[in-house]
There are 2 protein chains.
Amino acid sequence: MTSSLDSSLLLFSPDDEVLEQVKVDIGFQNLSQDWDSYMDPVEHPLKEHQLSELEPAPAEAKEEPTPPAQKQVSVQPVANSVPVLDGWPGVHQFQVTVRRRPEQAGRQLPYVYSADGAKLYTDMMVAVPFSFTYSGVADPSALRIRALPIYRESHHIQTPVRRCAIHREPQDPSNDTGHMMHVVRADHHHASYHVEQERCSVTVPLEAPEPGTDHYQVLFKFACMNTCVGGINRRRLMLVLTLEERASGRTLGRQAVEVKVCRCPHRDWRADEKRKGSEQAQPKASKRPRREPSPPPPSNGQQQLYVVADDPAMYRYLVEARESLLRYRRSVLAEQAPPAPLSRQDTAPVKPEYR
Amino acid sequence: MTSSLDSSLLLFSPDDEVLEQVKVDIGFQNLSQDWDSYMDPVEHPLKEHQLSELEPAPAEAKEEPTPPAQKQVSVQPVANSVPVLDGWPGVHQFQVTVRRRPEQAGRQLPYVYSADGAKLYTDMMVAVPFSFTYSGVADPSALRIRALPIYRESHHIQTPVRRCAIHREPQDPSNDTGHMMHVVRADHHHASYHVEQERCSVTVPLEAPEPGTDHYQVLFKFACMNTCVGGINRRRLMLVLTLEERASGRTLGRQAVEVKVCRCPHRDWRADEKRKGSEQAQPKASKRPRREPSPPPPSNGQQQLYVVADDPAMYRYLVEARESLLRYRRSVLAEQAPPAPLSRQDTAPVKPEYR
DNA sequence: GCACAAGTGA
DNA sequence: TCACTTGTGC
Ligand SMILES: [Zn+2]
Ligand SMILES: [Zn+2]
């Protein structure tokens, strides 16, 4: 039996990390009244469409044209499976990097790799050379490398990374080579594209390093920006790279690299560096990390209420609902005692958030 | 015979303003060699897709469900017709404004109207009350008001204003009331939506002012932002408001209002005001107007070469081609003597501009 | 490579 | 309302 996204990549986790995360994310602490008024469909300004991302995408789940030999069936229990991004070299000492790091780059490349943060900054649709090292592999062709993009924040880690409406258009040049739904592309003749549980990934066969080099190089491209509206939408991205046994799909090693696909890789890399520097310099309160503070990991030892999520969809729904509530509260706070209603024609009444 | 976009709104103009504009826009002055190398499909970094906007949109030109009584046929010659935005009150003294201008606004509205510049700043999908005045109309119901969005810059004035891919999605809340293709909506029970020559507009019947007021108020909403990628795309917008004879479609009056649909109407209005102020203060070179410098209107008295555009599509094609060339030149200038080609695997070769 | 414009979280 | 982020023109 074979599996493409195997059980060590998609981790089945009833009341472990995932639920811990749910407890943290869904922080309704004795706020049942708040909850009620929030959930009242007449009172609060939410509409279902705000949760539209949660709906399973209109079955795009068809398998890509793949060499029949690699046709595979997932045996993975789907419920509560969450992608793992812990680095794990495994027996083959599987490692990843991107060559030509910034400090030695002579000419301005359309990408920068920060080795310490394991973060790649790249423009869209440029081929970035990932270098893989491994050892103790008798027959490389029996293994393959999979690249799977996921969201970094726990809030969104369960959401499949999908392309935005604009770049999904068939006439978009990024789709000249097909694989319209795939954010991550591999410039490799034997790349094969997979869609499993709504998640798009690409695999390439493992090969021996080119003569004279000690690493196997694969070119990956990214077909949406981190900022793509209706797609990645400014969320942080990780690229999970796994070494797999081709026949069984078993994971033999794993590494993850953060990827920021943006127009000015160098500028943004530099900005991150500066930020890092100033944060260390002033370990005080400093400036709050603007981007996605991500719920406090351990939190206080006090009794915590939580909502159990039965499946990923529910989890996502709840997380989203929570965020909507937070937005709602903020807006209520912001408005506070709605000013004497004007002529009732002057301004639009309760309206959904358009974006 | 009836016409919805009549001949005074769409002006037939062979060798007049339009061609003047072409002369200015297409400024190939003795640059045939430049042109050649530019047009060589192998040498230069352009691809057809960059001109994709020029292609006629996949026939969305179906008429909206409209009361049969208002079903109309256009008798308008299409070639070289260009929208007019000169204010023209006409015999009925047709005038437009938006009430509640900023200086007297107590509470922060989601829109601001600058009367002097005749410019509206508004958030997306909020109902903005336009006030119309007119006089000498015996039977208002025989007339109607049309709202047609067009691009302000001559570069783009021939391009129909279309919604972006994101807001065009059927599940977008802005489409709950239908009219998916329409950027401009009227909050009026008898609004009727038109699509003619790829241009979307909306009409409402003219009515008598509400008792006690001297103006007829109509609520308009805007269903895309000025910045919408793949749609308006940061271009400046005008809303052309025409008073029409309902039966004949004849134009009796016309006014135009610039509209900026953005997230922070007040901020952007304030910014414009400041800009205006500082520009007057320093009438010297000052800061170059960043946005769309729009080709120098009269230019020097020297012999000017120009390319004749036979029809709007060609015109648009040429304008776009010209802009592409400018981009190409800039990029060539920027690169100058391409550095010794690297390992040929490090960087992506000639690639189209992804966006 | 800089500076501006403009969406967005807080 | 402020400040940050980030696409984009030049
Ligand atoms: Zn995208
Ligand atoms: Zn839009």
Side-chain angles (χ1 to χ4, degrees), chain A residues 107-110 112 121-124 153 155 164 166-167 224-236 260-272 274-275 278-279 285-294 323-324 326-336 353-355, chain B residues 107-108 110 112 121-124 153 155 164 166-167 224-237 260-272 274-275 278-279 286-294 323-336 353-355:
Chain A
R107 167 114 179 105
Q108 189 93 316
L109 291 177
V112 191
Y121 305 75
T122 179
D123 199 352
M124 192 178 144
E153 277 89 13
H155 287 56
C164 72
I166 290 161
H167 294 126
C224 260
M225 320 260 302
N226 270 45
T227 51
C228 275
V229 173
I232 302 175
N233 220 293
R234 282 169 293 108
R235 289 175 281 194
R236 296 178 71 170
K260 180 175 188 184
V261 189
C262 56
R263 282 293 186 223
C264 307
H266 283 84
R267 177 186 66 177
D268 294 356
W269 164 71
R270 208 175 302 277
D272 274 3
K274 197 166 62 180
R275 218 185 321 272
S278 68
E279 262 169 34
S286 77
K287 282 158 185 169
R288 68 286 194 200
R290 194 69 50 181
R291 176 69 58 101
E292 288 280 8
S294 168
E323 290 175 9
S324 292
L326 292 177
R327 281 195 295 270
Y328 171 64
R329 285 192 195 146
R330 279 197 296 269
S331 69
V332 167
L333 272 183
E335 292 186 2
Q336 205 72 300
E353 276 181 25
Y354 289 94
R355 50 178 11 262
Chain B
R107 167 116 181 103
Q108 189 93 318
V112 191
Y121 305 75
T122 179
D123 199 353
M124 193 178 145
E153 276 89 13
H155 287 57
C164 71
I166 289 159
H167 294 126
C224 261
M225 319 262 302
N226 270 46
T227 52
C228 275
V229 173
I232 304 176
N233 220 295
R234 280 168 295 107
R235 288 174 283 194
R236 296 179 72 171
L237 265 194
K260 181 177 186 182
V261 189
C262 55
R263 283 292 185 224
C264 308
H266 282 84
R267 176 186 65 177
D268 295 355
W269 164 72
R270 207 176 303 276
D272 273 3
K274 196 164 64 182
R275 218 185 321 272
S278 68
E279 262 170 34
S286 79
K287 283 157 185 169
R288 69 284 195 200
R290 194 68 49 178
R291 179 66 58 99
E292 288 279 7
S294 178
E323 291 175 8
S324 292
L325 172 61
L326 292 177
R327 282 195 296 272
Y328 171 64
R329 287 193 194 144
R330 278 196 297 269
S331 70
V332 168
L333 272 183
E335 291 185 3
Q336 207 70 302
E353 274 180 28
Y354 290 94
R355 53 176 7 260

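Numbers restart at 1 for each chain; the letters A, B, ... are given by sequence-line order, proteins then strands. These numbers come from a predicted model, not from an experiment.
Distance, A:Asp272 CG to D:dT5 P: 9 Å, rounded to whole Å. At whole-Å resolution of the value, NZ in A:Lys274 and P in D:dT6 are 14 Å apart. Atom pair B:Arg235:CZ and D:dG9:C1' shows a separation of 15 Å (rounding to whole Å applied). We find that CE of A:Met124 is positioned 11 Å from P of D:dT8, with the value rounded to whole Å. The separation between A:Arg275 atom CZ and D:dT6 atom C1' is 11 Å, rounded to whole Å. B:Glu153 has its CD atom 13 Å from the P atom of D:dG9, to the nearest Å. To the nearest angstrom, P of C:dG9 lies 12 Å from NE2 of A:His155. At whole-Å resolution of the value, CE in A:Met225 and C1' in D:dT5 are 12 Å apart.
Note: A:Arg275 CZ to A:Asp268 CG = 8.5 Å, rounded to the nearest 0.5 Å. Once rounded to the nearest 0.5 Å, the distance linking CE of A:Met225 with NZ of A:Lys260 reads 9.5 Å.
B:Arg267 has no side-chain polar atom (N or O) that falls below the 4.0 Å cut-off from OP1 or OP2 of D:dA3. Neither OP1 nor OP2 of C:dA6 sits under 4.0 Å from any side-chain N or O of B:Arg234. At the phosphate of C:dA6, OP1 or OP2 sits under 4.0 Å from a side-chain N or O atom of B:Lys260. Side-chain nitrogen and oxygen atoms of B:Arg263 include at least one within less than 4.0 Å of the OP1 or OP2 phosphate oxygen of C:dT8. At the phosphate of C:dA6, neither OP1 nor OP2 sits under 4.0 Å from any side-chain N or O atom of B:Thr227.
Considering A:Asp123, A:Thr122, A:Ile232 as possible partners of A:Val261, the one that fulfils the side-chain contact (heavy atoms from CB on, under 4.5 Å) test is A:Thr122.
Here C:dA6 is the nucleotide among D:dG7, C:dA5, C:dA6 with the atom lying nearest to any side-chain atom of B:Asp268.
Residues passing the side-chain hydrogen bond (donor to acceptor under 3.5 Å, both in side chains) test with B:Asn226: none are found, sequence neighbours excluded.
In terms of heavy-atom proximity, A:Cys224 sits nearest to A:Cys164 at SG-N, 3.4 Å.
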